[in-house]
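These notes are about the structure you will find just below.
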Amino acid sequence: MTIASPHLGSPAVWTDAKLLYALEEVVETELNRHLKVTKDWMPHEYVPWSDGRNFPGLFEDGEAWEKGQSKVTEIGRIALVVNLLTEDNLPSYHHEIASLFGRDGAWGTWVHRWTAEEGRHGIVMRDYLLASRAVDPDKLEQFRMSHMSEGFESDNRHSMLHSVAYVAFQELATRVSHRNTGHQSGDPVCDRMLARIATDENLHMVFYRNLLKAAFELAPDMTMQAVRDVLVNFRMPGHGMPGFERFAAQMAIGEVYNLRIHHDDVIQPVLRFLKVMEIDGLGPEGLKAQEEIGLYMGGLDAEALKFDEKLAARKARMAARAAG
């Protein structure tokens, strides 16, 4: 790890720019590790092309879309659209991280590599949805145009460190959402495709998580505050898409992504790995942030418990209706 050299100053005066420079060697190490363990894959190999047929338009034999043409479940359909529309804003995501991390050196190499890998996800998901007729292609394109026309601005665009903290959690959240969507989709082909995407997302999470660990070692107080800020204000990057709150509620009930999953499968694993609540030697602001993280997690667990109870009651009602 790069240690603070005299011209970088002491940890008491860390800035984003100084941290960006100080973390360059860590980024290079993590980039090299990533390139060794990641495996290239071909999006077209995960798409059931033989299921495809023409839609109305230029082709006289085009067949209009109907919901019954696909084996994908309703919750799978909803989650796939949300996940794809989230991926569609990749140009905005690239612009933000290129602006924050730069386009030179190891940082720049990572920015472009990450963007190239993420690009595959949108390609394969759209091809799958159209070939399998899982969604109305006209509505999907209307959603895409509406969502992308609004652009995307991250809540953390003001800070490199906040952005690193955010993606350490968000990449894992995305992996979990894709994986659960596959499980709930009702289609083994879809499940395999999303498992492949989830593998990429996990490697991206590991990159950022390890980078965040290095930031804790360099600037613990500043990093603790960034993690606190990110957690209490966390939103998934697709939050600006049309109908997102309704879709999110349906995905929560469908157990694709909800408060319990967010607490148990996303936030807790990262905090445990980083030993966030065990870090000592913090200054007053770092200690305050650490305490507030603990309080936030307790409140999140309580909210998740309430959701668990409501979901269990809902399942019981549905089971009773089915039995009657």
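Atom set for the values below is all heavy atoms of this structure, side chains included, hydrogens, waters and symmetry mates excluded.
A centroid separation of 6.0 Å or more is found between the aromatic rings of W114 and F207. Between W110 and H34, the ring center distance clears the sub-6.0 Å criterion.
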Chi angles and distances behind the side chain to side chain contact (heavy atoms under 4.5 Å, CB included) call for R103, V111: CA-CA 7 Å; R103 297 166 61 93; V111 166; 5.9 Å; no
Side chain to side chain contact (heavy atoms under 4.5 Å, CB included) assessment of F169 paired with V227: CA-CA 10 Å; F169 295 99; V227 169; 4.2 Å; yes
Stepwise side chain to side chain contact (heavy atoms under 4.5 Å, CB included) test for R133 and K67: CA-CA 8 Å; R133 291 187 167 241; K67 186 178 290 188; over 6 Å; no
Intermediate values then yes/no, side chain to side chain contact (heavy atoms under 4.5 Å, CB included), Y208 and Q170: CA-CA 10 Å; Y208 287 117; Q170 178 266 318; over 6 Å; no
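Counting heavy atoms from C-beta outward, Y46 and Y128 have side chains that stay 4.5 Å or more apart. Between M251 and N258, every side-chain heavy-atom pair lies at or beyond the 4.5 Å cut-off. Between N180 and H183 there is a side-chain heavy-atom pair separated by less than 4.5 Å.
Remark: K71 pairs with no residue by the salt bridge (charged side-chain N to carboxylate O under 4.0 Å, His left out) rule, at least two apart or across chains. Among residues two or more places apart in sequence or in another chain, the salt bridge (charged side-chain N to carboxylate O under 4.0 Å, His left out) test is passed with K288 by none. Considering only residues two or more places apart in sequence or on other chains, H112 meets the ring pair (Phe, Tyr, Trp, His ring centres under 6.0 Å) condition with H94. Here W107 pairs with F101 under the ring pair (Phe, Tyr, Trp, His ring centres under 6.0 Å) rule; sequence neighbours left out.
Listed by first and then second residue, the salt bridge (charged side-chain N to carboxylate O under 4.0 Å, His left out) pairs that reach into residues 224-250 are D155-R235, R228-E292, sequence neighbours excluded. Applying the salt bridge (charged side-chain N to carboxylate O under 4.0 Å, His left out) test to pairs two or more places apart or on separate chains, those with a residue in residues 108-129 are D40-R113, D40-R120, D88-R126, R113-E117. Within the structure, the salt bridge (charged side-chain N to carboxylate O under 4.0 Å, His left out) test picks out the following pairs touching residues 311-322 (sequence neighbours left out): E255-K315. Legend: salt bridge (charged side-chain N to carboxylate O under 4.0 Å, His left out) pairs involving residues 161-186, not counting sequence neighbours, sorted by first then second residue: R179-D191.
There is no path of hydrophobic side-chain contacts, each under 4.5 Å, that joins V189 to I123. Cluster annotation: M145 and L90 are assigned to distinct hydrophobic clusters (Ile/Leu/Val/Met/Phe/Trp/Tyr, side-chain heavy-atom contacts under 4.5 Å, transitive). Hydrophobic clustering, with ILVMFWY side chains joined whenever heavy atoms are under 4.5 angstrom apart, groups L35 together with W41. Using a 4.5 Å cut-off between side-chain heavy atoms of Ile, Leu, Val, Met, Phe, Trp and Tyr, with links allowed through other members, F55 and F143 fall into different hydrophobic clusters. Cluster membership check: M148 does not share its hydrophobic cluster with L130, using side-chain heavy-atom separations under 4.5 Å among Ile, Leu, Val, Met, Phe, Trp and Tyr.
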Listing, residues 78-87 side-chain donor-acceptor contacts under 3.5 Å, not counting sequence neighbours, or none:
from : atom 1 : to   : atom 2 : distance (Å)
N83  : OD1    : S177 : OG     : 3.3
N83  : ND2    : A79  : O      : 3.4
N83  : ND2    : H178 : ND1    : 3.4
N83  : ND2    : T181 : OG1    : 3.2
T86  : OG1    : V82  : O      : 2.8
E87  : OE2    : H178 : NE2    : 3.3

Return a table of donor-acceptor pairs under 3.5 angstrom between the side chains of residues 262-282 and protein atoms on other chains or two or more places apart.
from : atom 1 : to   : atom 2 : distance (Å)
H262 : ND1    : Y257 : OH     : 2.6
D264 : OD1    : R260 : NH1    : 3.1

What donor-acceptor contacts under 3.5 angstrom involve side-chain atoms of residues 134-141, with partners at least two apart or in another chain?
from : atom 1 : to   : atom 2 : distance (Å)
D136 : OD1    : D138 : N      : 2.9
D136 : OD1    : K139 : N      : 3.4
E141 : OE1    : R144 : NE     : 2.9
E141 : OE2    : R144 : NE     : 3.4
E141 : OE2    : R144 : NH2    : 2.8

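Without hydrogens or angle criteria, D221 side chain to E285 main chain gives no donor-acceptor distance under 3.5 Å.
Of the residues T174, L172, V176, the one that meets the side chain to side chain contact (heavy atoms under 4.5 Å, CB included) test with E201 is T174.
Counting heavy atoms of neighbouring residues, nucleotides and ligands inside a 6.0 Å radius, atom CE of M318 does not exceed 12 of them. Within 6.0 Å of the CD atom in E45, the count of heavy atoms belonging to other residues, nucleotides or ligands exceeds 12. Counting non-hydrogen atoms of neighbouring residues, nucleotides and ligands closer than 6.0 angstrom, the CG atom of D61 exceeds 12 such neighbours.
Look at E30 and R33 and you find a salt bridge, because one of the NZ, NE, NH1 or NH2 atoms lies within 4.0 Å of a carboxylate O, short of that distance.
If you check the side chains of E74 and Q250, you find no donor sitting under 3.5 Å from an acceptor.
Side-chain heavy-atom separations under 4.5 angstrom define the hydrophobic clusters, and the remaining members of the one that includes V37 are L203.
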